[in-house]
Amino acid sequence: MAAGSVSSYSIWVMPRGSLADKLHAEIKGLAGRTPGAPVFQPHVTLLGGIQATEADVLHRAQQLAARLKPYRITLDQVSCGSIFHQCVYVLCSTGAETMQAGAATREAYGQDPTGRYMPHLSLLYADISTKERERVAAEEQRRLFGGEQPLLAGEELGFDVTSLTVWETEESDKSLNSWRMLAEYELAG
């Protein structure tokens, strides 16, 4: 990319350790069973679709991280949406700290801090029917949270957010081959 050219970026927070490993394995398994579905790193998007230069997006992210305090994200339940990047996902609790982080991120990038924010951790990006999305979501709800041996329990029902990451995310690239992490900044607020 030429210096100073505008591209598309996202600000993510990411689980670490065994939770990240379990979620990545789940994402990989779902992608392997769904034609055209890519594998990606588990994350909760604070803001996507940022059109800016790389230098600008990194500068604002660094300033944002300096203001944000570490917080905890709680994973609630599996649901599904109607678009490729929100096919099947885990909804996150809309607690005050999570919502404040979303608002602060929108504000840092010149967007309305009171705008809509649905914190979620995607499990599957795909163009599949509504019926199939609902079937996969119900199956994942049982696997992750239900029964006697849920995949997620105790401390793994959420994660501590101690940093944010900046990703170049060209939304039209459904293979995600062009997506790359540019930086990670520790929260220091």
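It should be emphasised that the depicted structure is a prediction, and the values quoted were computed from it without experimental measurement. Quick note: residue numbers are just sequence positions, from 1.
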Distance check, rounded to the nearest 0.5 Å: [X] atom [atom1] versus [Y] atom [atom2]?
X	Y	atom1	atom2	answer
Thr105	Leu46	OG1	CG	4.0 Å
Glu132	Cys87	CD	SG	8.5 Å
Met181	Trp12	CE	CH2	10.0 Å
Leu144	Glu156	CG	CD	11.0 Å
Leu123	Cys80	CG	SG	11.5 Å
Glu26	Leu124	CD	CG	10.5 Å

Less than 4.0 angstrom from a charged side-chain N to a carboxylate O is my criterion; do [X] and [Y] meet it?
X	Y	result
Glu97	Arg72	no
Asp127	Lys174	yes
Glu134	Lys131	no
Arg143	Glu139	no
Lys69	Glu186	no

Inset, instruction - Take Leu75 and Phe145 through the side chain to side chain contact (heavy atoms under 4.5 Å, CB included) test and state the conclusion after the steps. - result: CA-CA 10 Å; Leu75 304 175; Phe145 299 105; 4.2 Å; yes
Verify the distance criterion only: is there a donor paired with an acceptor across the side chains of [X] and [Y] at less than 3.5 Å?
X	Y	value
Ser93	Thr74	no
Thr162	Asp160	no
Glu170	Ser8	no

Hey, quick one: are [X] and [Y] part of the same hydrophobic cluster, counting side-chain heavy atoms closer than 4.5 Å, chains of contacts allowed?
X	Y	value
Tyr117	Leu68	yes
Leu157	Tyr71	yes
Leu91	Leu121	no
Ile27	Tyr89	no

Does [X] reach the main-chain N or O of [Y] with its side chain, forming a donor-acceptor pair under 3.5 Å?
X	Y	answer
Asp173	Asn177	yes
Lys22	Leu151	yes
Thr45	Gly48	no
Arg180	Thr169	no
His120	Met118	yes
His43	Gln41	yes
Glu171	Gly49	yes
Tyr109	Ala61	yes
Arg106	Leu47	no
Trp179	Trp167	no

Inset, instruction - In sequence, state the C-alpha distance, the side-chain angles, and the governing distance for Thr165 and Val13, and then conclude on side chain to side chain contact (heavy atoms under 4.5 Å, CB included). - result: CA-CA 6 Å; Thr165 58; Val13 295; over 6 Å; no
Search all heavy atoms of [X] against all heavy atoms of [Y] and return the closest pair with its distance.
X	Y	answer
Val39	Ala31	CG2-CB, 3.8 Å
Arg67	Ala108	NH2-CB, 3.8 Å
Cys92	Ile73	SG-CG2, 3.7 Å
Ala20	Pro42	O-CG, 3.7 Å
Ser82	Arg133	C-NH1, 3.7 Å

Legend entry - More than 12 heavy atoms from other groups under 6.0 Å of CD on Glu155: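 Counting neighbours around CD of Glu155, 12 or fewer heavy atoms of other residues, nucleotides or ligands fall under 6.0 Å, so no.
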Inset, instruction - For Glu107, look at atom CD and say whether over 12 heavy atoms of other residues, nucleotides or ligands are found less than 6.0 Å away. - result: no
Less than 4.5 Å apart, side chain to side chain, heavy atoms only: is that true for [X] and [Y]?
X	Y	value
Ser79	Gln86	no
Ser175	Pro38	no
Ser122	Phe40	yes
Pro15	Leu23	yes

Legend entry - Verdict with reasoning, Asp76 to Val90, per side chain to side chain contact (heavy atoms under 4.5 Å, CB included): CA-CA 7 Å; Asp76 280 346; Val90 179; 5.8 Å; no
Inset, instruction - Check the angle between the aromatic planes of Phe84 and Tyr125 and answer parallel, tilted or perpendicular using the 30° and 60° thresholds. - result: tilted
Legend entry - side chain to side chain donor-acceptor pair (under 3.5 Å) against Thr98, all qualifying residues, sequence neighbours excluded: none
